[in-house]
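First the proteins, then the strands, lettered A, B, ... as listed; each starts at 1. For clarity, every value in this text was computed on a predicted model and none was experimentally measured.
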Amino acid sequence: DGGITQSPKYLFRKEGQNVTLSCEQNLNHDAMYWYRQDPGQGLRLIYYSQIVNDFQKGDIAEGYSVSREKKESFPLTVTSAQKNPTAFYLCASRPRATGANVLTFGAGSRLTVL
Amino acid sequence: LAKTTQPISMDSYEGQEVNITCSHNNIATNDYITWYQQFPSQGPRFIIQGYKTKVTNEVASLFIPADRKSSTLSLPRVSLSDTAVYYCLVGDATGANNLFFGTGTRLTVIP
């Protein structure tokens, strides 16, 4: 079945450590996104990528980094510069086609800083 | 991108029809309106999308007036399992590179 796989589902990090969240899709979608969600809040855009080897900052990119070396993969690194990284992280993708601004989401990764 | 405004929360009894309205006064000509549903600790999932007038699928209807400055998601005969957060998005269907979610509407279905 086609879909988006995020891993790990749960992750614990000590302060000062970098961690990388994985996002893989087999939907042949061109565009991929990373969102952050805090308890009781909506989704905020961190980074997005429309094509391989290209990505743009969203609303809250500070303290995060991404890469897009392959069409199906869009990993997110939460760096030590992110002062409050505890949150639920969601990866999404969509086809780059007319009338197709429908996002498909992964199941999410919950990061907790100890 | 058009900014959207939704009620923060709504309550409804089981079996009733629920209508959630989204305001998007600055909607552009090429923008579509898309609604998503999110359960706790899960990613949002697509419910319905429309451009104008009325769209209906197996789970919901979407009503869009002629001026397109608002839209209404209609959920018929809600059940407890419809308790979730509902998001309205407005974006360019031809290739918007970034899609912004607001805070959504938290619907609570009461037995």
Under a plain distance cut-off of 3.5 Å, with no hydrogens placed, do [Y] and [X] share a side-chain donor-acceptor pair?
X       : Y       : result
B:Gln38 : B:Tyr87 : yes
A:Glu24 : A:Thr5  : no
A:Tyr64 : A:Tyr89 : yes

Does a salt bridge link A:Lys71 with A:Asp30, judged by any charged N lying under 4.0 Å from a carboxylate O?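 Yes, this pair counts.
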Residue among A:Gln37, A:Arg44, A:Gln41 with most heavy-atom pairs under 4.5 Å to chain B: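 Sorted descending by pairs with chain B, the first entry is A:Gln37.
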All side chain to side chain donor-acceptor pair (under 3.5 Å) counterparts of B:Tyr86, not counting sequence neighbours: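 B:Gln37.
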Residues of residues 107-114 of chain A under 4.5 Å from chain B (heavy atom pairs)?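 Only A:Ala107, A:Arg110 of residues 107-114 of chain A have a heavy atom under 4.5 Å from chain B.
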Considering only heavy atoms, which portion of A:Leu43 lies under 4.5 Å from any heavy atom of chain B: side chain, backbone, both, or neither?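 Its backbone and side chain both get close to chain B.
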When you look at CZ of B:Arg106, are more than 12 heavy atoms from neighbouring residues, nucleotides or ligands closer to it than 6.0 Å?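 Atom CZ in B:Arg106 is not packed in, count stays at 12 or less.
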Quick check, are the ring centers of B:Tyr51 and B:Tyr32 under 6.0 angstrom apart?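 Under 6.0 Å, so yes.
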